Amino acid sequence: MQLHSSLIKKRSRSSLALIPCIIFSVNPSAFLSFATSPQPYEPKRFVRIIHPLYDLHHHRGPTSPSSSSATASHHYASLLQSLIEGKAIEPGKQIHAHLLVTGIGLSTIVATKLVNLYSVCNHLPHAYCLFDRIPKDNVFLWNVLIQGYAWNGPHQAALSLYHQMFEYGLHPDNFTFPFVLKACSALPALQQGREIHCHVIRAGWESDVFVGAALIDMYAKCGCVATARRVFDNVLVRDVVFWNSMLAAYSQNGHPDEALCLCREMAFAGLRPTVATLVAVISASADIAALPQGRELHGFSWRHGFDCQDKVKTALVNMYAKSGWVRVARRLFERLAEKRVVCWNSMIAGYAMHGHTTEAFALFEEMKKEGAPPDHITFVGVLSACSRGGLMDEGWKFFESMVKEHLIEPTVQHYTCMVDLLGHSGRLDEAYDLIMRMKVRPDSGVWGALLHASKIHRNVMFGEKALERLIDLEPNDAGNYVILSNIYAQAGNWEGVAWVRGLMKERGLKKSIALSWIEVKNKTHAFLVGDTSHPQSDEIYAELERVGGLMEEAGYVPDTAPVLHDVEDDEKGRMITSHSERVAIAFGLINTPPGTRLLVNKNLRVCDDCHVAIKFISKITAREIIVRDVNRYHHFKDGVCSCGDYW
DNA sequence: GTAGGGTTAG
């Protein structure tokens, strides 16, 4: 027996342990084995493992007697089972060939294992080919194939297989449902997902924790968070992963508050968080720039040893960048052991959000130099940096290099950045042309970008075109209607204003109430417009008046045109000087030592007048004031804002 | 014998 061996390291899915697979070549035909023994390789152990196979190969075992044949089947099946666990496709292929070449043939059990192996290793054409030629009378066989298509696509194939099962008189079980639901999440396919949910209920699996998690994931990916929550409530025996699914559902669908609240419930229920819990919750606090929670979670991660996990670190980088602590984010980023593309993306996007274009571009260059290939999300970050900075030429250059050099097909998000960039420069007709020429279906983001650009450049025609589409795409988003109403008001078209307001009333839409919050001494203080509920209310308004006087001396003229009331139009008759962000800033001024940087958050965009006012405040009080609105960061310093007055 | 969750942009 001539042997030559090579060691292949395969990652086991469950434990991430390294499983050495030793491949041997045996005369006359290629032959192989594997060893799950720990390294270093032990010859004695190897011989014990190879022995039965060696016998089989020389036809000493699996000849005509049925008992021997059954033994052979058993040996091959257990061999294949280990290959499945190690996801070792090549040895599997060789066994398959060997069985066919030597005429040993495939028993049902061996064929099933091969389908399983091909399926988990994403060799689906092989898996299907084999599946097609064997009896399909057990659910297990269908499950493994559906699993393969659900993980690797085409996802539609998983769904057709699921439907075919019924034609064979088989019924899906508690394994089938998670697999096929995974395919629905990936597509995403809500209608089919709902149908499967009905089957789940009929089959009595709705309180199964695995099926439940899959349903939550499916509904979350389809944007139906409320339904996901109903599923969550119906499952009474919950484990950590199940909780994590619901946390992720909230965190990924723009419900960060609910995610944070659920996390507290989870802790109360006595469950210990995992890496996935922390990643979901940290990213939820990043979404609302909840720095106190974010820092608390950072501390928790550190105390429980999660902070050395790169995924947690990346989530923290993202959280600090989004919460206005870019330098802290960068320090953490530098300490990452392995900078994966997501880490670079997170940091680049962080810079872009703050309008730090130079840093964003520099990091992009560094990334390429370090040999980390940028992906489509990297380009979303870089392009949004261009659009924040109004850098038209650079934007096109990046867009073209993405397509030509990096062979990345532009997605709807890239087009959104480009529309934003063109809109920024007032080239609304070009922006509209680009939307018309897009290879992908324009979504609400693209039309939203055109709508905002129309507002800034006071263009009624493109504003109307954009709202027309947005009414179809997100009919219940009050913000869109308000922007067009603003555009009409700016143009003095009061009929237009009345029409839009009428439309909103008819549809029962109300603009969200404006809210600003500021963190002082580790405590968050939130304010509504004209808020007088704070214990320091009198001092706050005295400060607003004092600063207001200085501002007028410096040349500030409050713009009281009706349009200004539209960002926070709930406060009819109230003074714009009491807009929530100004109240929060005044609170910050009286509660922090002179010169301290103020960081204010707002749930809507800053209105035009407040933007002007805050520029004055920053100069008069010699403070750096950072306002994070729903769209971006504004760094006010010495009477200038980093957004260049475009937001 | 087959399982489920997590980082990025807008």
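Keep in mind it's a predicted model, so treat the numbers as computed, not measured.
Checked against B/dT2, B/dG4, B/dG6, the side chain of A/D239 finds its nearest nucleotide in B/dG4. Distances from the side chain of A/V209 to the nucleotides B/dG6, B/dT8, B/dG4 place B/dG4 closest. If you check B/dG1, B/dG6, B/dT2 against the side chain of A/V279, the one that comes closest is B/dG6. Distances were taken from every side-chain heavy atom of A/T112 (C-beta onward) to each of B/dT7, B/dT2, B/dG1; the shortest belongs to B/dG1. Distance from the side chain of A/K113 is smallest for B/dG1 among the nucleotides B/dG1, B/dG4, B/dG6. Relative to the side chain of A/R340, the nucleotides B/dT8, B/dT7, B/dG6 differ in distance, and B/dT7 lies closest.
A/D420 comes within 4.0 angstrom of nothing in the nucleic acid, heavy atoms only. Residue A/K313 is classed as having no contact, given no heavy-atom separation below 4.0 Å to the nucleic acid. If you check every strand for non-hydrogen atoms under 4.0 Å, A/D310 touches nothing. Among the heavy atoms of the strands lying under 4.0 Å from A/A248 are primed sugar atoms or P, OP1, OP2 only; no base atom is included. Among the heavy atoms of the strands lying under 4.0 Å from A/N318 are primed sugar atoms or P, OP1, OP2 only; no base atom is included.
Aromatic ring centroids of A/H356 and A/F361 lie 6.0 Å or more apart. Close placement of the A/F398 and A/F364 rings is indicated, their centers lying within 6.0 Å of each other.
A/Y320 places its OH atom 16 Å from the P atom of B/dT8, with the value rounded to the nearest Å. Taking atom CG of A/D287 as the reference point, atom C1' of B/dG10 lies 12 Å away to the nearest angstrom. Residue A/M165 contributes atom CE, which lies 16 Å from atom P of B/dT2 at whole-angstrom precision. In this entry the distance linking CG of A/L316 with P of B/dT8 reads 12 Å, nearest Å. The separation between A/F177 atom CZ and B/dG4 atom C1' is 15 Å, rounded to whole Å. Look at NE2 on A/H171: it is 23 Å from P on B/dT2, rounded to the nearest Å. Atoms CD1 (A/I109) and C1' (B/dG1) sit 8 Å apart, rounded to a whole Å. What separates CG of A/L79 from P of B/dG1 is a distance of 17 Å, to the nearest Å.
Of the side-chain N and O atoms in A/Q413, none sit less than 4.0 angstrom from OP1 or OP2 of B/dT8. The side chain of A/W344 contributes no N or O atom lying less than 4.0 Å from OP1 or OP2 of B/dA9. A close approach under 4.0 Å does occur between a side-chain nitrogen or oxygen of A/K221 and OP1 or OP2 of B/dG6. OP1 or OP2 of B/dA9 has at least one side-chain nitrogen or oxygen of A/K322 nearer than 4.0 Å.
Under the 6.0 Å distance and 45° angle rule, A/K339 counts as a cation-pi partner of A/F333. Both tests do not hold together for A/K136 against A/W142: distance to the six-membered ring centre under 6.0 Å, angle to the ring axis within 45°. Remark: A/R194 fails to qualify as a cation-pi partner of A/Y219 under the 6.0 Å distance and 45° angle criteria applied to the six-membered ring.
To the nearest 0.5 Å, the span separating CZ on A/R295 from CH2 on A/W302 amounts to 15.5 Å. Here CD of A/E366 is found 11.0 Å from CE of A/M347. Values are rounded to the nearest 0.5 Å.
For A/F242 and B/dG4, the ring-to-base geometry does not satisfy the stacking test (centroid distance below 5.5 Å, interplanar angle below 30°).
DNA chain B lies under 4.0 Å from at least one heavy atom of each of the following residues of residues 349-361 of chain A: A/A349. Within residues 375-390 of chain A, the residues having any heavy atom closer than 4.0 Å to DNA chain B are, in order of number, A/I377, A/V380, A/S384, A/R388.
Ring geometry for A/F232 versus A/F242: interplanar angle under 30°, hence parallel rather than tilted (30 to 60°). Between A/H96 and A/Y118, the ring planes are tilted. Angles from 30° to 60° get that label.
Looking at A/D420 and A/S387, their side chains do bring a donor and an acceptor atom within 3.5 Å of each other. Of the N and O atoms on the side chains of A/S119 and A/N116, not one donor lies less than 3.5 Å from an acceptor on the other residue.
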